[in-house]
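Count residues from 1 along the sequence. Here the structure is a predicted model, which means the values were calculated and not measured.
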Amino acid sequence: MTSFLILNPSIYHIMKYDTLPTIGIRPTIDGRRLGVRESLEDQTMNMAKAAAALIEANVKHANGQPVKCVIADTCIGGPAEAAAANQKFSENNVGCSLIVTPCWCYITETFETDNRTPKAIWGFNGTERPGAVYLAAALAAYAQKGVPAFSIYGHEVQDKDDTTIPEDVAEKILRFARAGIAVATLKGKGYLSIGGCSMGIGGSIVDQAFWEDYLGMRVQPVDMTEVKRRMEQKIYDEKELELALTWAKRYVHIGPDRNRPDLVLSPEEKERTLRESILMTIIFRDMMHGNPYLKTIDREEEGLGFNAICGGFQGQRHWTDFYPNGDMAESIINSTFDWNGPREAIPFATENDAMNGVCMLLLHQLTGQAACFSDIRTYWSPESVKRVSGYTMEGHAANGIMHLINSGSTALDGNMQATGADGKPCMKKTGETTQADIDAMMDNSCWCAANREYFRGGGYSLHFVSKGDVPVTMIRMNLVKGQGPVLTVVEGYTCTLPDEVNQKLDERTDPGWPTTWFAPILTGKGGFKDVYSVMANMGANHGAWTYGHIGADILTLASMLRIPVYAHNVPEDKVYRPAAWNLFGTADPEGADFRACENFGPIYGKY
């Protein structure tokens with residue numbers, strides 16, 4: 001069953017909404033008897049078993065549980081066996097499917113054409129039987145029927161008794177599986193919009209049609225007064241709040257208060273603000289996922305939650321002019337831990353910027369890691385850094401850097417204090433965060449009194465400086481009237497600056513906010529000819545990022561969702577989209593992506 005949070009169930013609730021989606025595998029065969037089918041049964045089914053073993057050993061859901069595969073009971077040689085496989089897949093919540101075959105098969109008699117489930121075909125590269133011929137014919141039939149499918153075909157010829165999966169084939173199977181299971185997980189879930197449009201930001205004008213048609217999700221708008229109602233009427237677990245406050249006394253390091261004297265809160269007011277900030281975290285989570293405890297205090301309706309796997313909080317200004325800001329709540333809820341220990345991160349957007357929230361959601365679903373919300377604040381050229389600080393940037397930063405800094409919140413994992421198995425800084429997946437990682441993340445972060453010129457109700461803003469030389473990927477999605485959603489994907493590295501240089505640059509913005517210095521990988525052309533161009537082409541003021549160079553997975557996922565990518569720096573040989581995309585032009589892949597996405601349209605309805 002789906003567990004949104006993986007924790008000690010004795011101290012934390014685990015909501016179960018539905019069965020996790022699975023991946024269906026269709027061993028497809030030449031149905032002719034009298035020796036043809038019989039000679040292929042073992043080879044075909046072994047391909048299916050090998051693919052299933054590969055996926056189950058390497059792909060996990062965002063909540064940390066292994067992805068399961070469902071193999072058809074028999075090889076599929078005709079319509080009756082195809083229907084039996086379809087029935088089994090329906091009963092086992094199959095969200096995407098992989099056809100495997102070493103031979104010729106009867107195309108439309110054996111495949112299925114549900115346009116809402118991503119599909120791939122692995123045609124065995126051997127000489128004894130025409131697996132490649134079937135692959136090409138099936139891809140052509142799928143394109144003709146308006147069903148995009150991914151092609152998997154090994155570069156090297158294999159012997160018919162070779163049961164290994166070549167590296168290039170495995171790479172495509174796993175990329176398809178990661179993206180396909182993400183698509184399936186989104187379906188039927190929700191985005192919780194707490195409040196409305198923040199400060200006129202376009203991304204926080206939540207477009208319900210986008211979420212419905214492209215992602216298969218619903219939007220639940222809830223006024224911010226619901227948060228205050230729950231606070232005042234004590235619609236929460238009071239024992240958990242006390243546990244959280246005890247945890248905060250140990251882990252929440254209070255930073256300097258930089259407010260001018262007349263805006264500094266009293267110690268009593270600061271204590272109240274801390275309590276309310278922690279309480280907001282609990283209430284946001286309960287609103288999204290529900291909490292069975294609330295039933296015990298006669299609040300069964302509130303205890304159900306809104307079945308949301310992503311959300312956002314307007315905050316500014318209608319809340320923050322009077323109540324504590326959401327910085328602490330947003331930072332903790334986006335992280336892979338809290339007072340109950342390690343858990344799954346919950347994508348939650350600052351200022352209710354739903355178009356950045358969806359980016360956080362996609363990053364999390366693909367990796368199981370936290371996703372960081374950042375302002376794309378400043379481009380620092382090498383010359384500007386030299387002028388201001390006297391420092392000559394080097395390494396990844398040599399061509400300039402982008403200052404990623406949100407106005408008070410982001411996932412704590414973004415400080416890169418967790419340590420991977422290789423001893424290097426990283427952001428960990430659900431269930432992998434250790435107590436040592438938590439200690440390091442919290443000890444290298446502080447919480448500064450919110451700038452009351454911006455946040456009149458006070459609050460606590462997160463501050464850290466991310467460790468450098470760590471690979472990350474940043475994305476941003478925007479809506480264009482007449483076009484629909486478009487995406488940019490930027491791989492790069494975090495950078496470390498000398499302390500005195502970091503201080504000089506940070507002081508020019510707000511040293512009480514979380515800072516990440518980011519250097520995109522440049523290609524020398526288009527939107528990636530230089531760092532200035534990367535920033536100029538982000539398309540909005542916010543971006544979302546996570547650990548690792550995962551741009552290739554993002555491109556595959558975007559193509560499944562029919563969302564074109566207008567700029568990216570993923571190596572050409574790693575771009576993996578449905579085979580039908582080639583039919584829209586091979587000389588201009590970027591343009592072909594737009595044309596194909598427009599042609600096939602959103603999965604769940606006309607936008």
Side-chain angles (χ1 to χ4, degrees), residues 189-215 217-231 280-281 283-284 287-288 306 308-331 333-334 346-362 371-377 405-410 450-459 461 475-488 513 538-544 563 607:
K189 303 302 190 302
Y191 176 88
L192 178 62
S193 173
I194 305 176
C197 178
S198 175
M199 302 181 292
I201 295 172
S204 65
I205 303 172
V206 184
D207 186 337
Q208 296 195 27
F210 159 73
W211 289 85
E212 293 164 359
D213 295 339
Y214 280 91
L215 307 178
M217 296 175 61
R218 65 187 297 274
V219 173
Q220 178 63 53
V222 178
D223 194 88
M224 290 184 289
T225 55
E226 172 64 9
V227 179
K228 190 62 177 174
R229 181 181 77 89
R230 293 187 182 217
M231 294 172 75
M280 287 167 65
T281 313
I283 289 173
F284 288 164
M287 290 174 68
M288 292 183 69
F306 291 106
I309 57 172
C310 184
F313 178 60
Q314 175 194 333
Q316 297 188 76
R317 290 181 44 195
H318 307 122
W319 178 277
T320 58
D321 274 6
F322 193 59
Y323 299 120
N325 65 20
D327 289 357
M328 180 172 285
E330 292 164 8
S331 297
I333 206 167
N334 272 308
I346 305 172
F348 198 80
T350 299
E351 294 158 0
N352 199 28
D353 183 351
M355 296 315 295
N356 211 43
V358 69
C359 294
M360 300 168 75
L361 176 60
L362 299 184
C372 295
F373 186 113
S374 292
D375 276 4
I376 305 168
R377 182 61 67 112
I405 178 172
N406 193 24
S407 52
S409 75
T410 199
N451 185 336
R452 293 192 63 215
E453 294 180 17
Y454 294 121
F455 304 112
R456 298 174 184 178
S461 297
I475 66 175
R476 173 67 198 193
M477 192 179 299
N478 294 290
L479 290 174
V480 181
K481 188 172 183 179
Q483 169 64 50
V486 294
L487 184 68
T488 185
W513 294 344
M538 287 301 299
N541 56 312
H542 295 149
I563 297 173
Y607 178 68

Q. Given the rule in the side-chain hydrogen bond (donor to acceptor under 3.5 Å, both in side chains) test, do Thr350 and Asn406 qualify, once you have shown the distances and angles that lead to the verdict?
A. CA-CA 9 Å; Thr350 299; Asn406 193 24; 3.1 Å; yes
Q: Using the side chain to side chain contact (heavy atoms under 4.5 Å, CB included) rule, take Ile376 and Asn541 through it: C-alpha gap first, then chi angles, then the decisive distance, then the call.
A: CA-CA 5 Å; Ile376 305 168; Asn541 56 312; over 6 Å; no
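- Looking only at distances, a side-chain donor or acceptor of Asp223 sits under 3.5 Å from a matching main-chain atom of Thr225.
- The main-chain N or O of Ser198 is never found under 3.5 Å from a side-chain atom of Gln316 such that the two would form a donor-acceptor pair.
- Atom CE of Met199 is separated from atom CD of Gln314 by 9.0 Å, given to the nearest 0.5 angstrom.
- Applying the salt bridge (charged side-chain N to carboxylate O under 4.0 Å, His left out) test to pairs two or more places apart or on separate chains, those with a residue in residues 475-486 are Asp353-Arg476.
- Looking at Asn478 and Met538, their side chains never come closer than 4.5 Å, going by heavy atoms from C-beta outward.
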Q.
Applying side-chain hydrogen bond (donor to acceptor under 3.5 Å, both in side chains) to Ser409 and Glu330, what does each step give before you reach the verdict?
A. CA-CA 6 Å; Ser409 75; Glu330 292 164 8; 2.8 Å; yes
Q: Evaluate side chain to side chain contact (heavy atoms under 4.5 Å, CB included) for Met355 paired with Val206, printing each intermediate quantity in order.
A: CA-CA 8 Å; Met355 296 315 295; Val206 184; over 6 Å; no
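- With hydrogens and angles ignored, the 3.5 Å screen pairs no side-chain donor or acceptor of Arg317 with any backbone N or O of Asp321.
- The OH atom of Tyr214 sits 10.0 Å away from atom CG of Asp207, with the distance rounded to the nearest 0.5 Å.
- Using the six-membered ring where Trp is involved, Phe210 and Tyr607 have ring planes that are perpendicular, over 60° apart on the 30 and 60° scheme.
- When atom types are taken as modelled, the side chain of Asp375 and the backbone of Arg377 share no donor-acceptor pair closer than 3.5 angstrom.
- Asn352 places no side-chain N or O within donor-acceptor distance of the main-chain N or O of Cys197, the cut-off being under 3.5 Å.
- Put simply, the side chain of His542 reaches to within 4.5 Å of the side chain of Glu351, judged on heavy atoms.
- Side-chain contact annotation: Ser461 with Asp327, donor-acceptor N/O pair under 3.5 Å present.
- At distances below 3.5 Å, not a single donor-acceptor pair connects side-chain atoms of Trp211 with backbone N or O atoms of Tyr191.
- For the pairing with Ile475, the side chain to side chain contact (heavy atoms under 4.5 Å, CB included) check across Thr488, Asn356, Leu487 returns one residue only, Leu487.
- One distance of note links CE of Met288 with CD of Gln220; it measures 12.0 Å at 0.5 Å rounding.
- A side-chain donor-acceptor contact under 3.5 Å links Ser331 to the backbone of Thr410.
- Looking at every heavy atom in both residues, Gly459 comes nearest to Pro324 through CA-CB, 4.2 Å.
- For the pair Ile346 and Asn334, the tightest heavy-atom approach, listed with the atom from each and the gap, is O-OD1, 2.9 Å.
- Residues Val486 and Met477 fail the side-chain proximity criterion, which asks for heavy atoms closer than 4.5 Å.
- Using a 4.5 Å heavy-atom cutoff, the side chains of Ser407 and Tyr454 are not in contact.
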Q. Where do Trp319 and Lys228 land on the side chain to side chain contact (heavy atoms under 4.5 Å, CB included) test, with the steps shown first?
A. CA-CA 10 Å; Trp319 178 277; Lys228 190 62 177 174; 4.1 Å; yes
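- The aromatic rings of Phe313 and Phe284 lie tilted to each other, with the angle between the two planes from 30° to 60°.
- To the nearest 0.5 Å, atoms CG (Leu361) and CD1 (Ile309) are separated by 4.5 Å.
- In this structure a side-chain-to-backbone donor-acceptor pair under 3.5 Å is present from Ser193 to Gly195.
- Met287 has its side chain within reach of Leu192: a pair of non-hydrogen atoms, C-beta onward, lies under 4.5 Å apart.
- Listed here is the closest heavy atom pair of Pro221 and Gln208: CG-NE2, 3.8 Å.
- Taking NE2 from His318 and CE from Met224, the interatomic distance works out to 6.5 Å, rounded to the nearest 0.5 Å.
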